[in-house]
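One structure below.
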Amino acid sequence: MRRGPVVIVGAGLGGLSAAVRLAAAGREVVVVEAGREPGGCCGTGRAGTYRFDVGPSVLTMPGVLADVFGAAGEELRDWVPLRRLDPSYRLIFHDGSRLDVRAGREEMTEQVRALCGPAEAARYERYRRLLDELFAVEWPAFIDADMTRLRALAKPAALLRLAALGGFRRLDRLAARHLTDPRLIRAHTFQSLYVGLSPQRALGLYAVVAHMDTVGGVYFPSHGGMHAIPVAMAALLEKLGATLRYGVRAHRVETDGDGVTGVLLEDGERLPAAHVVVACDRLAARRLLPGRADDWRLRRPRYSPSCLVLHLGLDHEPPGQAHHTVHFGQAWRETFAALSTGRPQPDPSLLITCPDTGGPATLSVLEPAPNLRAADWTRLRPALESRLLTRLTDLGYGDLSGAPRLVLDPPAWAARGHTAGTPFALDHRFSQTGWLRPSGVARRVPGLHFAGMFTAPGVGVPPVLISGRLAAERILGESS
């Protein structure tokens, strides 16, 4: 039994999620964050008077976030009011046709019928039922579950059902088995890039990402953008009596023969601790950890691709623009093949976000790109930035070459603390999924836990929040 203070390294969503649950349970909690504000990957950037969310722009499964506030007896709507986006996405294909993704079954089926015809609409309804079934199997057994022990995978009924549903097929083949219109297949497989893989390499079980987007719906804070989420979580922590310290960098997690004893800060101050949660980039955090905390799963890490993002300040909001728009290129397989070999995509699909944050109008444009381990970015950025601006002009957004802008390329992501220059951490190939992903607990260092994208369940706002909850639950279990 280990009792005493808990120090959490990193005030991103994973660290804040763990901290809220621990503080609500009466534990003494100190959060140390190297940055000047909470958020971590869910942070902000500026270009002149314009402010941008520079992290996730997609919030799905809002119930997971509500559970964080519920653990402290609070209602999410009192801290971060959310609105459901309608459409969740607007998908525009290379031939000019478009599909508005709506969460309601009847509304979405009607959209598919109008685009693809009644026969494909019937096939879509069957595929949607398949997504429901995949989600019902995977969520309780493998996503919302602690994967730190091998026995967590010993769920034969769930695994057999997952196999029967096609979860171990390739994602593109699973979708093509049920859908025939290439546009609809793209609409339900491009989400694999969120987990760092092409639709040709991702397992069918990652169709649940499309379920979260296209069935569960996409949400956005009513005020303040995505950064409003960590700001509200930090404010809740202060209400609970936890200590948050910004501009403070951890130097080393200290241990003795019995496990964790504290955290030494770079300025020499020592914070005593019975438990420590490291909730930052796992590879970068190696410098903090004792050698016996190393994880064999990190011996050959495989990183997700990165992205080039242009955050642009506008003088007015584009009329009729959806919050999220995906412009698909004409090429498909070729673009993923280029990315896998470290080359820029020849005809990339673009994610364009035009958020309503209550402030000046902005536009954010994301193009998938090789990470620093796959490509030399010393000469890539100018050419790709120019190409991207030209593409925006061709798509009807006007000449934005003179607009105030913040550009984030892989070197910029690395400067923000992302190993390999990718904000998407490790990819989700089978050998980096579930129990095979870096563990949320250091077995040989009692009291040392991990949260964030590098551990299970993985990348994305709901999984990161869950990783924090799991870390808190383990700590509370060790203390009881």
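All residue numbers in this chain count up from 1 along the given sequence. Because the structure is predicted, anything quoted here is derived from the model rather than measured.
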Practice problem: Please indicate whether Arg379 has more than 12 foreign heavy atoms, meaning atoms of other residues, nucleotides or ligands, lying under 6.0 Å from its CZ. | Solution: no

Quiz item: Without hydrogens or angle criteria, can the side chains of Thr341 and Arg343 be said to hold a donor-acceptor pair below 3.5 Å?
Solution: yes

Self-check item: Partner residues of Glu28 under the salt bridge (Lys or Arg N to Asp or Glu O under 4.0 Å) criterion, sequence neighbours left out
Solution: none

Quiz prompt | Spatial distance of atom OG (Ser304) from atom NE2 (His418) [nearest 0.5 Å] | solution = 12.0 Å

Practice problem: Under the side-chain contact (heavy atoms from CB on, under 4.5 Å) rule, collect the residues that match up with Thr433, sequence neighbours excluded. | Solution: Tyr206, His428

Quiz item: Which pairs count as side-chain hydrogen bond (donor to acceptor under 3.5 Å, both in side chains) when at least one residue sits in residues 462-473, sequence neighbours excluded?
Solution: Asp144-Arg469, Arg469-Glu473

Exercise. Sequence neighbours left out, what passes side-chain contact (heavy atoms from CB on, under 4.5 Å) with Ala72? Give chain and number order.
Key: Val20, Ala24, Glu74, Leu236, Leu240

Quiz item: If you round to the nearest 0.5 Å, how far is NE2 of His211 from NE2 of His188?
Solution: 10.5 Å

Practice problem: Could you tell me the separation between the OG1 atom of Thr214 and the OH atom of Tyr89, rounded to the nearest 0.5 Å? | Solution: 9.5 Å

Quiz item: Is the count of non-hydrogen atoms from other residues, nucleotides or ligands lying under 6.0 Å from Phe430 atom CZ greater than 12?
Solution: no

Quiz item: Minimum heavy-atom separation for Pro368 to Leu366, with atom names?
Solution: N-CD2, 4.0 Å

Quiz prompt | Residue list, salt bridge (Lys or Arg N to Asp or Glu O under 4.0 Å) with Arg51, at least two apart or on another chain | solution = Asp53

Quiz item: How long is the gap from CG on Asp427 to CD on Gln432, to the nearest 0.5 Å?
Solution: 5.0 Å

Quiz item: Mind checking whether Phe190 and Phe328 have ring centres under 6.0 Å apart?
Solution: yes

Practice problem: Quick one: list whatever passes side-chain contact (heavy atoms from CB on, under 4.5 Å) with Thr335, sequence neighbours left out. | Solution: Ala331, Gln345, Pro346, Asp347

Quiz item: Does any donor atom in the side chain of Thr419 or Asp281 lie under 3.5 Å from an acceptor atom in the other side chain?
Solution: yes

Exercise. Give me the ring orientation class for His449 and His275: parallel if the planes are under 30° apart, tilted from 30 to 60°, perpendicular past 60°.
Key: tilted

Quiz item: Say you draw a straight line from CG of Leu197 to CZ of Arg302; how long is it, rounded to the nearest 0.5 Å?
Solution: 12.0 Å

Quiz item: Do Phe142 and Leu162 touch side chain to side chain, with heavy atoms closer than 4.5 Å?
Solution: yes

Quiz item: Can Glu269 and Arg245 be counted as an ion pair, charged N to O under 4.0 angstrom?
Solution: yes

Without placing hydrogens or testing angles, list every side-chain donor-acceptor pair under 3.5 Å for residues 34-42, not counting sequence neighbours.
from: Glu37; atom 1: OE2; to: Thr44; atom 2: OG1; distance (Å): 3.0

Exercise. Using side-chain contact (heavy atoms from CB on, under 4.5 Å) as the criterion, list what pairs up with Ser198, not counting sequence neighbours.
Key: Gln200, Arg201, Phe336

Quiz item: For His323, which residues count as a ring pair (Phe, Tyr, Trp, His ring centres under 6.0 Å) partner, sequence neighbours excluded?
Solution: Phe220

Exercise. State which residues pass salt bridge (Lys or Arg N to Asp or Glu O under 4.0 Å) with Arg270; sequence neighbours excluded, sorted by chain then number.
Key: Glu254

Practice problem: May I have the step-by-step check of side-chain contact (heavy atoms from CB on, under 4.5 Å) for Leu244 and Glu238, ending in yes or no? | Solution: CA-CA 7 Å; Leu244 293 100; Glu238 292 178 348; 3.5 Å; yes

Practice problem: Mark yes when over 12 heavy atoms from residues, nucleotides or ligands other than Arg84 sit less than 6.0 Å from its CZ; otherwise mark no. | Solution: yes

Quiz item: Is any side-chain N of the basic residue among Asp295 and Arg282 closer than 4.0 Å to the acidic one's carboxylate O?
Solution: yes

Quiz item: Judged by atom type as modelled, is there a donor-acceptor pair below 3.5 Å linking the side chain of Glu33 to the main-chain atoms of Tyr246?
Solution: no

Exercise. Look at the side chain of Arg443 and the backbone N and O of Thr148, then say whether any donor-acceptor pair between them is shorter than 3.5 Å.
Key: yes

Practice problem: Drop me the distance from Met147's CE to Thr455's OG1, to the nearest 0.5 angstrom. | Solution: 11.0 Å

Exercise. Would you list the pairs meeting side-chain hydrogen bond (donor to acceptor under 3.5 Å, both in side chains) in which at least one residue belongs to residues 163-178, sequence neighbours left out?
Key: Asp172-Arg333

Self-check item: Set of side chain to side chain donor-acceptor pair (under 3.5 Å) partners for Tyr127, sequence neighbours left out
Solution: none

